[in-house]
Structure formats: C-alpha cells, structure tokens
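The analysis underlying the following values was restricted to heavy atoms, covering all of them including side chains, and did not include hydrogens, waters or symmetry mates.
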Amino acid sequence: MKIVVLGAGKMGSFFIDLLSFDHEVAVFEKDPKRMRFTYNCQRFTELEEIGAFAPELVINAVTVKYTIPAFREVMPFLPKDCIITDIASVKTGLKEFYESTGMRYASSHPMFGPTFANLSQLSEENAIIINEGDFIGRLFFKDIYNKLGLNIYEYSFDEHDRTVAYSLSIPFVSTFVFAAVMKHQDAPGTTFKRHMRIAKGVLNEDDYLLQEVLFNPYTSDQVSHIRAELKELLEIIDQKDADGMKAYLTKIRNNVRRDIEIKQ
C-alpha cells in the first residue's frame, strides 16, 4: 500500500519505521530538519509531491491542534478513493469533519507514546480503534496493532473521548498538582523519583495536547472527583482520624485490587 504520514514527530516517525518495510511509505513535513532521522521512506516538503505519489492511505500524525488544518491542506492533492486517517488522542470535532469531506476515513488512538512505552514490548499497552468510518481503514489499524501485540478496544468517537477524559485527565491533573507543589530534594526517595520521571514525561508533551485533553467536555467531572477525594483526605489528616484513614486506605486498595482483577 502507498502511505503518506503527515508529520515527522515522535508518533509520525514511529509509524514510518513500523510501516516502511511492508509498504511504500512517504512522509510529508514542512521542516526538513525534522526528517533527518527518518529512513526507508520518501521525504516530501511540497504538497505537489503528495499528489504525484498518489497515496492510498494518509496517516495524520501532526500535533492535535493542526489535525484538521493539515487534512484540509492536503486533501486537494489526494486521490478520491484515498483513505484519510488520524491517530489523535482527542477526537473532538473529527467525526463532523470526516463526514463533511465525503472521503473514506478511519480513526485510531495508540494509547502510548515513545516517552514512556517500551516500543519493543507493547503487550501491556492499549490502542483504540474508532468503530465508525471505512471498514478497510479500520482493518488496516487492527492488523498493525495485532502485530504489535497491543490490546485493542473499539469505541465510537464519543465513547473514545469519554474514555480519554478518565484515562488521561486524571493522571495529567495529578501530575500537574505534584509538579506545582514539589520542591527540590537533595536526597529524594524512590516514590518521589518515580513521580518526578512521570512529571517530566507528561510535561514534555505538546502544550496543545495537554490543553485539549483537559478541555475535553468530559474532563471536568473527573477533576471534580479528584477535588472531592482531596477534601475527604484533608479532613482525615486535619482530624488525625486513624479509623478514618484506615477506612480510606481500605477503599483505595480495593479500587486498585478490582482494577488488577479485571485485567486478569
């Protein structure tokens, strides 16, 4: 298959490497310096080059802020039967956009990034495939993710954003709070160092991605739950309520235990 990847960032480069040995792959990137470490693919900096290549499928891997603008820019240069796809972590507005184009489309979300994931061992990582759009496009992503050993889930666009509001906003907000109140430690403990590594990884993400995850319509309710839990915990601490603390720890251990049992 002839595939164009839009954007040579972290995930764009990952997909280029992943696909380039089984498909004819090209990357479109306006900044040539970002393509220095791509290989086994054609490198395009002009839209006309995409037209001449005549891709059968496009993977939009640009920053979330520019996902739809990037589509609008390249679409005049694509064959009518080309499948346009995205791997965006926030799907707000994408369904409406896709349906307005009249083109074949598919959407997925690999729920890992090169920052944290062990790319040689992804069996504990997850991917979402949107169950709307073109069947062949969905099958393309399903085949890729199966080969990687990922756990695959299928959701609608709306279900995806509800899931992301829970699975990303809670860790992001918790990390923000940690980073906001932390102070330099000359001799940090193991837990502190682990949290610091997570904070550095999260804060290395694109600002617009972080913003869009937190501005997801379903995020506010999740953050409200955090606020309620912090209020309860603070009351227990202020009152030095040993029984209350024991009950609280039992509650959260049961939450973690249930999550482990479900995964097993």
Side-chain angles (χ1 to χ4, degrees), residues 5-7 9-19 59-65 67 85-95 98 105-133 137-176 194 197-219 221-223 225-226 255-256 258-260 262-264:
V5 176
L6 305 181
K10 293 177 182 177
M11 290 306 293
S13 297
F14 172 74
F15 272 89
I16 293 166
D17 292 346
L18 182 66
L19 299 170
I59 299 176
N60 192 334
V62 303
T63 303
V64 176
K65 179 179 181 180
T67 300
T85 75
D86 74 274
I87 55 171
S89 53
V90 180
K91 305 297 185 185
T92 305
L94 275 172
K95 179 179 181 180
Y98 279 134
Y105 70 87
S107 184
S108 81
H109 178 193
M111 297 198 55
F112 61 88
T115 301
F116 292 118
N118 178 0
L119 298 182
S120 63
Q121 179 59 45
L122 293 171
S123 60
E124 295 185 0
E125 303 292 347
N126 304 315
I128 294 174
I129 297 175
I130 301 301
N131 57 17
E132 304 173 60
R138 300 201 306 270
L139 197 62
F140 170 80
F141 282 110
K142 192 169 186 177
D143 181 61
I144 292 173
Y145 296 151
N146 275 327
K147 288 180 179 177
L148 290 172
L150 293 168
N151 302 298
I152 301 172
Y153 299 87
E154 297 192 23
Y155 297 137
S156 67
F157 281 102
D158 184 67
E159 289 169 337
H160 168 273
D161 280 0
R162 288 179 184 271
T163 299
V164 167
Y166 173 77
S167 64
L168 291 185
S169 64
I170 289 180
F172 279 11
V173 169
S174 300
T175 299
F176 289 176
R194 288 175 178 171
R197 282 196 294 270
I198 292 172
K200 288 179 178 178
V202 169
L203 295 173
N204 193 43
E205 296 288 356
D206 178 76
D207 286 1
Y208 195 83
L209 168 63
L210 298 175
Q211 173 183 301
E212 285 302 291
V213 168
L214 295 181
F215 288 178
N216 181 322
Y218 303 109
T219 293
D221 286 344
Q222 301 298 336
V223 178
H225 290 322
I226 295 176
N255 278 351
V256 172
R258 279 195 296 271
D259 183 68
I260 294 172
I262 290 171
K263 289 181 178 180
Q264 291 175 339

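In this structure, a donor-acceptor pair under 3.5 Å is absent between the side chains of Tyr153 and Thr163.
Take Asp221 and apply the salt bridge (Lys or Arg N to Asp or Glu O under 4.0 Å) test, not counting sequence neighbours, and it matches no residue. Every side-chain contact (heavy atoms from CB on, under 4.5 Å) that Asp143 has, sequence neighbours left out, goes to Lys147.
Between Leu18 and Leu148, the shortest heavy-atom contact is CD1-CD2, 3.6 Å. The minimum heavy-atom distance linking Ile59 with Phe140 is given by the pair CD1-CE2, 4.0 Å. Across every non-hydrogen atom of His160 and Ser89, the tightest pair is CE1-O, 3.2 Å. Closest approach of Thr175 to Ala199, counting heavy atoms only: CG2-CA, 3.4 Å. For the residue pair Ile130 and Ser156, the shortest heavy atom distance occurs at CD1-O, 3.8 Å. Scanning all heavy atoms of the two residues, the minimum distance from Phe176 to Leu203 falls at CE2-CD2, 3.9 Å.
Screening Glu132, Lys91, Arg138 against Ser107 for a side chain to side chain donor-acceptor pair (under 3.5 Å) leaves a single residue, Lys91.
Using a 30° and 60° split on the angle between ring planes, Phe157 and Tyr105 fall in the tilted class, from 30° to 60°. Classification of the Phe14-Phe112 ring pair by plane angle, with boundaries at 30° and 60°, yields perpendicular.
In summary, Lys95 and Asp158 do not engage in a salt bridge, as defined by a charged side-chain N under 4.0 Å from a carboxylate O.
Looking only at side-chain heavy atoms (C-beta outward), Asn204 and Lys10 come within less than 4.5 Å of each other. Within the 4.5 Å cutoff, no side-chain heavy atoms of Val173 are placed close to those of Gln222. Looking at heavy atoms from C-beta onward, Phe141 lies in side-chain contact with Ile87 at the 4.5 angstrom threshold. Counting heavy atoms from C-beta on, the side chains of Val90 and Thr67 never come closer than 4.5 Å.
Within a 6.0 Å sphere centred on OH of Tyr166, other residues, nucleotides and ligands contribute 12 heavy atoms or fewer.
Counting only distance, with no hydrogens or angles, the side chain of Asn60 and the backbone of Leu6 share no donor-acceptor pair below 3.5 Å. Of the possible donor and acceptor atoms, one in the side chain of Asn151 sits under 3.5 Å from a partner among the backbone N and O of Glu125. Distance alone, capped at 3.5 Å, is enough to place a donor-acceptor pair between the Ser174 side chain and the Ile170 backbone.
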Evaluation steps, side-chain contact (heavy atoms from CB on, under 4.5 Å), between Arg197 and Lys200: CA-CA 5 Å; Arg197 282 196 294 270; Lys200 288 179 178 178; 5.9 Å; no
Salt bridge (Lys or Arg N to Asp or Glu O under 4.0 Å) assessment of Asp207 paired with Lys65: CA-CA 10 Å; Asp207 286 1; Lys65 179 179 181 180; over 6 Å; no
Residue pair Val202, Leu210: steps toward the side-chain contact (heavy atoms from CB on, under 4.5 Å) verdict: CA-CA 8 Å; Val202 169; Leu210 298 175; 4.1 Å; yes
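Separation of atoms CZ (Phe172) and OG (Ser167) is listed at 9.0 Å; rounding is to 0.5 Å. Atoms CD1 and CE, from Ile152 and Met111 in turn, are 13.5 Å apart once rounded to the nearest 0.5 Å. Atom-to-atom distance recorded for Ile128:CD1 and Leu150:CG is 11.5 Å, nearest 0.5 angstrom.
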